[in-house]
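Both backbone and side-chain heavy atoms feed into the values below; hydrogens, waters and symmetry mates do not. Convention: sequence-line order gives letters A, B, ...; per-chain numbering from 1. Bear in mind the structure is a predicted one, so any value in this text is a computation, not a measurement.
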Amino acid sequence: MDRLIQLDLAGLTVRELNQFLHQELPSRGAGWHVDVLNPNGMHNLAVGLNASVDVDIRGHAGYFIAGMNQQARVTVHGNVGWSVAENIMSGSVRVKGCASECAAASGHGGLVVIEQDASSRCGISMKGCDIVVGGSVGHLSAFMAQAGTLVVRGNAGPGLGDSLYEAVIYVGGEIHSLGADAREEPMQMEDHARVAELLTRAGFPAETGRFKRIASARSLYHWHADAGDRY
Amino acid sequence: MLMQGTGINSIMAGHLRKEESFSFNRQVLDYIHHAAEHGLYEIRGLGAKRALPTFDDLVFLTASASRYPLEGYREKCISKTVLGTRYAKRPIELEIPITIAGMSFGALSANVKEALGRAASAMGTSTTTGDGGMTREERQSSRTLVYQCLPSRYGFNPEDLRQADAIELVIGQGAKPGGGGMLLGQKVSARVAGMRTLPEGIDQRSACRHPDWTGPDDLTIKLLELREITDWQVPIYVKMGATRVREDVKLAVKAGADVVVIDGMQGGTAATQQTFIEHSGIPTLAALPLAVEALDEMNVLGEVQLIISGGIRSGADVAKALALGADAVAIGQGVLMALGCNSDTYHQAGENIDATADYTALQTAAGFCHHCHTGRCPVGITTQIPQLETRLEPEWGARRLKNYLQVLTMELTTLARACGKSNVHHLEREDLVALTIEAAAMAKVPLAGTNWIPGKS
Ligand code: SF4
């Protein structure tokens, strides 16, 4: 049975909340569940966590929610501003509503779920995390994405996957346009399995039939083939 | 291959007239020929090479009848430097106001990173990570390590963030303000690639904008996030290349920086476009007074510290930077030169070994080399090739660098004492005059022998 702690931001500062989550909570051992009340669009809530705990933010929140997360499972019961779960290392971050720009930017590991839409640059610079978006994503999503998987159940805006490295994108809906060096590739068995697994983990039906696979054409990996090693 | 021409004009040859063009001189011809041959702009390392107004254009008015000096060897001159006093619970305390600038593992070898850490620790100063993350070698060897948060976020992680003594959020650097990092495939070794989560051997171009914030308002929240993650323990620096210095410094201060780092156009890089290096940013000498004025206008002089970098070479440079209002300097290229960059020889098991052939293979020579981008550094500094890397022995390198930092400190205190200061931070603008009108206008000190400050009086 989870042990529940309620922290009300009506009477606590963001700093007090984070220090409690960093210092006091881990010392109490595993299995704790923290409810954060009255987030009221505040920024930097539950950043830098490094403990296997559950944190529920009960309402809308601002920028950088659950930034650099390790181990913790953070759920926002509302919408979030820019850069939710930026640089996430492990654990999971779930947004019940929509996310603004740069969701999971440069995420290294773990799972990020945006149940509704994510705005532009979702998964920008991602480095190994997995992202599942229930709705659509805005322009330049997965820009310079290096590793990991972005699954979008809805549509993708202009310039999807511009300058992609080894990250792979799956889109269930329409793609407005692909960015430089991104290309559509045939869905293989492993791709269907990968999408199904991520959809299941994210709590969506594992229907993969309509998904397209977008990956790097790798033509930007080397600058100028003719110039050899002269530059 | 070079073929012999038939020389149909030879019959006309008489007096040979060599009239070189100023606009199309031999350097420009070389540039045009190179562009025409390769179809690709030139990429190189180090900083601006063209003639610029520098600290050499200033001199100290040391003590005489109107001021009295301190005794060179007997009277103490303090060089202790504290950075990050604005918000951090643990400001950085250094023995000298000379720090090691951020240079990436990838650009530099792990041996060099270790040498920097050892020398800096021995002198009581700090080193800085770079694009590509923190290496074990540098954390272990550095007493005080500044961890950079760069647009690429290569290898950026909360574990290293929490073991940093300060954080430096990098918006830009002097060699290429507005540009991202660059590491050509020959330097992207397995270890470098692993740390950066990239395929081995690709030509790697880092982003020039941060992935998770865009303007100064977002930056304010970003800095708060970094503070929250580190529980407000360590200072946060904001580093920028010197362009619109006054505005940029004010925005950094407003965003909550503890320390502002301004890198002038002479600042070095391991690789970027030559055109970027030579044609963007303003000289360090011009940038420093603008930054000081901005801090003054924001009422944070003494509260937000200022580090200046970009072509600092000597103790005199450090002294002049401090006199103009910097709290500390950061050195990159000078540090590499102390380790043997552009030297004829490298050091191996007690012997100096000639490196001429390796410079020649790069189509350059000691004294002219700026080939860090090739990864084939003749003296083993900017390389990831194991055989070259071993040319820099960390212990030997650390000793050389410690000597260099020691000389800079001795020169700095020599000048400070001669100006009658018992603390290097007491050096002031009033102690300086300029030798050229340009330097007088940029540094905003009088032209020597006059009380004329162009643009002011
Ligand atoms: S000697 Fe090495 S470090 Fe110095 S400029 Fe040449 S390649 Fe770069």
Side-chain angles (χ1 to χ4, degrees), chain A residues 14-15 17-19 21-23 43-50 62-65 67-70 81-84 86-89 101-109 121 123-128 143-144 146-148 163 165-167 216 218 220-224 226-231, chain B residues 34 37-44 149-159 161-162 180 182 184-186 188 193 196-207 209-214 217-218 220-232 271 273-274 363 373-376:
Chain A
V14 172
R15 198 159 156 183
L17 167 74
N18 284 324
Q19 292 199 353
L21 296 174
H22 295 164
Q23 287 155 23
H43 308 305
N44 298 325
L45 303 179
V47 294
L49 301 194
N50 189 14
Y63 283 34
F64 301 112
I65 305 306
M68 297 197 102
N69 188 61
Q70 292 167 282
W82 279 42
S83 306
V84 63
E86 68 84 20
N87 220 100
I88 180 174
M89 304 301 293
E101 305 201 18
C102 315
S106 75
H108 284 67
R121 297 191 286 263
I124 180 175
S125 186
M126 59 191 277
K127 294 171 171 58
F143 176 67
M144 290 183 88
Q146 296 171 225
S163 309
Y165 290 98
E166 297 293 290
S216 176
R218 298 177 187 166
L220 297 177
Y221 278 22
H222 296 283
W223 237 340
H224 192 298
D226 293 348
D229 64 359
R230 284 195 296 254
Y231 52 88
Chain B
H34 182 274
E37 191 183 336
H38 299 292
L40 191 75
Y41 44 43
E42 191 189 340
I43 291 170
R44 69 164 175 87
C149 174
L150 292 124
S152 71
R153 304 289 165 87
Y154 292 140
F156 193 66
N157 68 71
E159 300 293 342
L161 188 67
R162 284 188 278 257
M182 185 182 281
L184 298 184
Q186 47 269 43
V188 184
R196 298 179 185 219
T197 329
L198 285 170
E200 205 177 320
I202 67 160
D203 290 331
Q204 174 261 291
R205 285 152 292 164
S206 319
R209 294 193 303 265
H210 283 259
D212 55 347
W213 64 272
T214 306
D217 295 331
D218 310 342
T220 309
I221 310 171
K222 179 69 197 173
L223 296 187
L224 276 173
E225 186 212 13
L226 293 169
R227 286 197 197 283
E228 285 294 327
I229 292 172
T230 52
D231 290 327
W232 296 70
Q273 296 91 333
Q274 145 99 3
Q363 294 176 306
H373 62 290
T374 63
R376 287 153 62 200

Among the listed options [options], the residue most often paired with chain A at heavy-atom distances under 4.5 Å:
| options | value |
| --- | --- |
| B:Pro151, B:Pro199, B:Gly185 | B:Pro199 |
| B:Arg153, B:Glu225, B:Gln204 | B:Glu225 |
| B:Arg162, B:Glu42, B:Arg44 | B:Arg162 |
| B:Asp218, B:Ile221, B:Leu161 | B:Ile221 |
| B:Arg205, B:Arg227, B:Lys222 | B:Arg205 |

Under 4.5 Å from any heavy atom of chain B - which part of [X]:
| X | result |
| --- | --- |
| A:Gln19 | both |
| A:Glu101 | neither |
| A:Leu220 | both |
| A:Met68 | both |
| A:Tyr165 | side chain |
| A:Asn69 | neither |

Parallel, tilted or perpendicular, as decided by the 30° and 60° cut-offs, for the rings of A:Trp82 and A:Tyr63 | parallel
For each of A:His108, A:Gln23, A:Arg218, tally heavy-atom pairs with chain B at distances under 4.5 Å, and name the one with the top tally.
-> A:His108
May I ask you to decide whether A:Glu166 forms a salt bridge with A:Lys127, counting only side-chain N to carboxylate O separations under 4.0 Å?
-> no
Are B:Asp212 and A:Arg121 ion-paired here, with the side-chain N under 4.0 Å from a carboxylate O?
-> no
For B:Glu200, side-chain contact (heavy atoms from CB on, under 4.5 Å) partners two or more places apart = B:Ala190, B:Ala193
Does CD in B:Gln363 sit with more than 12 non-hydrogen atoms of other residues, nucleotides or ligands closer than 6.0 Å?
-> no
Compare all side-chain heavy atoms of [X] with those of [Y] and state whether any distance is below 4.5 angstrom.
| X | Y | answer |
| --- | --- | --- |
| A:Ser125 | A:Phe143 | no |
| A:Glu86 | B:Pro211 | no |
| B:Glu228 | A:Val14 | yes |

Where on [X] is there a heavy atom nearer than 4.5 Å to chain A: the side chain, the backbone, both, or neither?
| X | answer |
| --- | --- |
| B:Pro158 | both |
| B:Ser206 | backbone |
| B:Ser152 | backbone |

For side chain to side chain contact (heavy atoms under 4.5 Å, CB included), just list the numbers for B:Arg196 and B:Val188, CA-CA rounded to whole Å, side-chain angles, deciding distance to a tenth of an Å, and then say yes or no.
-> CA-CA 9 Å; B:Arg196 298 179 185 219; B:Val188 184; 5.8 Å; no
Straight-line distance of A:Asn18 CG to B:Thr230 OG1, nearest 0.5 Å = 10.5 Å
